[in-house]
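To start, the structure under review is shown below, and the notes come after it.
Counting starts at 1 for both ligands and their atoms, in listed order.
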Amino acid sequence: MTDVAALTREEAAAELDRLAREIAHHDRLYHQQDAPEISDAEYDALKRRNDAIEARFPDLVRPDSPTHKVGAPAAAGFGKVRHAIPMLSLDNAFADEDVHDFVARVRRFLKLGEDGAVEIVAEPKIDGLSFSARYENGRFVQAATRGDGAEGEDITANLRTLKDLPDRLHALFPPEVLEVRGEVYMSRADFLALNERQAERGGKTFANPRNAAAGSLRQLDPKITAQRPLSLFCYAWGEVKGYEAATHWDFLEQLRDWGFPVNPERKLCKGADAVLAFYRDIGERRAQLPYDIDGIVYKLNRVDWQKRLGFVSRAPRWAIAHKFPAEQAMTVLTRITIQVGRTGVLTPVANLEPVTVGGVMVGRATLHNEDEIARLDVRDGDTVIVQRAGDVIPQVVGVVLEKRPADSAPFAFPHTCPTCGSTAVREDGAVAWRCTGGLICPDQAVERLIHFASRNAFDIEGLGDKNIRAFYEEGRIRAPQDIFRLRDKDTGSLTPLRSKEGWGPVSATKLYDAIDARRTVPFERFLFALGIPQVGQATARLVAQHYGDLPTLRAALSAEDVGPDSDAYKDLINVETIGPAVADELIAFFREDHNKQVLDALAADLTIVPFERKDVAGSPIAGKTIVFTGTLERMSRGEAKNRAQDMGAKVAGTVSAKTDLVVAGPGAGSKLKKAEELGVAVMTEDAFFDMIGG
Ligand code: IVH
C-alpha cells in the first residue's frame, strides 16, 4: 500500500471513496447483521488509514466520511416500536382433554352453565413470524415484529414490499386506526425454490420455511426482502379506533373485505366436539397444505366475552393453540451426560448422532430426570426415538430394544455433582437430584448469570451464554454486579477485553454500552432476573406489585423473625397465587448473606424503578386491598379479580387489618365475620360493580 505521505491528490480522493464504501459495508455487517467478515484489528486499520488520508487532505473529507459515524450504534439494526397493545402468545393444548378443559374453563369463567352454545372460530396455526401492521385513516403507516410482546422491531419498509399486504384499505370510510396482526410465512414450494437459488449462488440456505421467512423479513435492506417469496395471513387486531367487531368471525370477514389475506381454512364451530372434528380434518390434510402449520388455534367468537375473559400473564384466556403431535426420528444415543442448571438441578442429557427431526438438526435431547431414565430404561449406545414439539427441547420418547448392544448396562445416576463434586440430594417427593454446591458450583453460577442477562430479565445485548461462560472462566464476571463494573475494571486491566481474540475496541465498547443501557431497570424485571427458584415472570410481577420497591421487599423478608406465624409471612402468602413453597424460596433468598451482598452491590450501581401501577386515574379502588368472599353472581371469582387488578387494586385471599374492602356474596362466612370484627368496609357484589362502573 502506498504511504499516505506519497499519495497524490487523485489517488487520495479515490482511496477515500473506496474506504468510505468499504467501512460502511463492514459497519453494516457488524452492527446490523451481527456477522463481521474481518477482525476488529483489520477494521481499525481501515479506519486509521482513512483518518490519516483525511488529515493530509482535509478538503477531500467526504460528506459520507466514516469519521462522521464513529461507533454510531444508531445504525445498529432496526428501530424499536412499542406496541400500543401487547402482542400476546397462546397457551397450548396437546390432548382432546385439554380442549374440553379450555371450553369448560371459559364456561365457568363466564358463568354460562353446562349447555348454551359457545361459538369458537378454529383456524390453522401458521408456523411463521408474527407482525403487527398499523393503518391510519386507511393508509399503511408502520409495521413491527412481535419482539418480546411489548416492543418489537420496526419492519415497515420490509413489510411494504409484500404484495399481499394492502397499502390502502379497500374502504370508503376506513377506521381512524387499525392495527392488523398476522403471520408472515413462506410456502413450502417457495422455500424449496429459494434454497435452490441460494445454493446455486453460494448464498445462505435455510433449515425450514419458518427460518427462511424470518431471515427474509428481518433484512436491513428491504430490497432483499422484496426478492423473497413471502406470504401472509391476518388473524388478530391490536389498537383499533373507529371500528368494532361483535365477533371474531365478523372481524375476519371484514379484514378480507378490506383487502387482507385471511386463511380460507377457517371454521365457525359450536363447542369442543366441533372444533376437535376440524382439528382432525386439517390434521389429515396437513401435508397437502401449501404451508407449514403446527396446530389449530381456537378463539372464542364473541368479542364482548373475549374482553371479559381478558388474559393471564402473556396469553389470552379466550384462545388456545391445539398443537399437532410432534415429529419423530430414530438415531443412536452415544452417551448420557449430566447438566447442572441454575438452581442446581441435575438434568440428564442424551447426546445423539445428529439427525433431522421435522426439518431441524438435533444432536442433543433432554432425559428430564432419574425416573424418566428408569422408565425408558435408556442406556448409552441405545437406538432411540426422538421427537420435537414446536419450540420445546427435543425429547427421547422410546428405545428400540431390538437394536440394543449386547454389552449395554443400565445408567447409574450420579449422587455427586459432576461439575463441582458437591453432594447431590434428592429431597422427599422431588424427582430431581440437586447439587448442594450453590455458587461454588461453576455451572450454577454461570447459569444464574445467563438467566440474569437474558431477554426477559436484564436483556443485555451481546451478553449471551457463550460470552458469559467465557467471562466466567476468565474471572471477568463471577457475580451479577461484576457485569456493571466490567467497563471500569477492564480499563485498567492487563488483559483487557479489547485485546482478547475475537474482540477489539469497537466490539468491547459496544458491549459496555449495551450494559450501560440497562442500568435502569423496572423492579419486576430485576426481581425475575435474580433467578429465585419458583419465581417466574408472573410471580415476580405480583411480588413487585405487592411490595412496590426493593427496599420495602427486603425489609419485609430479611428480618430474622419471618417465621410461618409472623405478620410478614402471612402478608406474603396472602398475595394471590403465592403459596408457602414460593414464600419459603423468597425468604430463604433474601436472608442468605451472599445474596445480601449481591443485592447491596446491585442497588448501588443500578436505578431500580419501583413498580408502576397501571394508569388507573379515577379508579376508586386503585391501591386498595380487596378480598372477595362468598358466591359471586354476576361474574366468576377469576373475572372479578381480573377487573379489580386492572383497576389498580390488590386482591388478597384473607382478611386482615390491611384489607380495605371485602366484597361479599351469599354464603360468605368467616371472612365476612372477620371483616366486621376488624371494622373493614363490606359491600355486596352489586354495590361493588356500581362503584367500579358496571
Ligand atoms: S392468535 C391474542 N392465530 O402463534 C392472539 N396466532 O403461539 C394471539 N399464530 O404469537 C395470536 N397462527 O405468532 C393466532 N391463526 C393464528 C395464528 C397465530 C399462528 C402464532 C402467532 C402467535 C403464536 C402463539
Side-chain angles (χ1 to χ4, degrees), residues 83-94 98-99 102 106 120-133 143-153 155 159 164 178-187 208-211 213-214 217-218 230-240 245 247-249 251-253 255-256 260-269 275 278-279 282-283 286 289-303 305-324 326 389-392 455-456:
H83 299 299
I85 298 195
M87 286 183 80
L88 304 176
S89 63
L90 293 170
D91 275 340
N92 291 329
F94 296 98
D98 302 336
V99 177
F102 165 69
V106 166
I120 295 167
V121 179
E123 46 189 72
K125 184 169 184 305
I126 309 296
D127 203 3
L129 197 83
S130 53
F131 70 90
S132 185
T145 60
R146 192 176 102 103
D148 63 1
E151 191 175 69
E153 288 174 327
I155 50 162
L159 211 64
D164 286 356
L178 172 73
E179 276 178 19
V180 178
R181 290 170 178 183
E183 206 83 357
V184 170
Y185 67 93
M186 194 176 287
S187 76
N208 54 43
R210 207 205 91 87
N211 286 359
L217 191 62
R218 291 188 68 259
L230 293 170
S231 308
L232 61 90
F233 280 130
C234 295
Y235 51 67
W237 68 82
E239 190 181 4
V240 181
T247 64
H248 182 62
W249 190 264
F251 170 71
L252 293 178
E253 307 256 284
L255 278 185
R256 197 197 46 201
F260 294 99
V262 177
N263 198 326
E265 302 282 357
R266 60 180 185 277
K267 191 161 184 170
L268 183 58
C269 305
V275 299
F278 180 77
Y279 174 84
I282 296 284
R286 183 179 175 192
L289 292 176
Y291 41 80
D292 279 355
I293 63 175
D294 55 350
I296 304 289
V297 183
Y298 307 139
K299 299 173 183 171
L300 193 64
N301 195 29
R302 275 178 61 164
V303 173
W305 286 359
Q306 292 183 0
K307 284 190 183 143
R308 282 175 58 190
L309 280 146
F311 53 89
V312 223
S313 234
R314 289 161 159 251
R317 279 202 193 78
W318 47 265
I320 198 160
H322 190 180
K323 301 301 264 297
F324 286 126
D391 301 333
V392 189
R455 173 138 133 172
N456 291 325

Show the short N or O contacts, below 3.5 Å, that ligand 1 makes with protein N or O atoms; if there are none, say 'none'.
from	atom 1	to	atom 2	distance (Å)
ligand 1	3 (N)	Lys299	NZ	3.0
ligand 1	4 (O)	Lys125	NZ	3.2
ligand 1	7 (O)	Lys125	NZ	3.4
ligand 1	9 (N)	Tyr235	OH	3.4
ligand 1	12 (N)	Ile126	N	3.0
ligand 1	13 (O)	Ser130	OG	3.3
ligand 1	13 (O)	Glu183	OE1	2.8
ligand 1	13 (O)	Glu183	OE2	3.3
ligand 1	13 (O)	Tyr235	OH	3.4
ligand 1	15 (N)	Glu123	OE2	2.8
ligand 1	15 (N)	Pro124	O	3.2

With sequence neighbours excluded, residues passing ring-ring contact (aromatic ring centres under 6.0 Å, His included) with Trp237: Phe251
Heavy-atom closest contact ([X] atom, [Y] atom, distance):
X	Y	value
His83	Ala144	CE1-CB, 3.8 Å
Ala122	Phe278	CB-CD2, 3.4 Å
Phe233	Ile126	CD1-CD1, 3.7 Å

Pi-cation contact, Trp305 with Arg317 (under 6.0 Å, within 45°): no
Approximate separation, where rounding is to 0.5 Å, of Thr145 OG1 and Met87 CE: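 Those atoms lie 8.0 Å apart.
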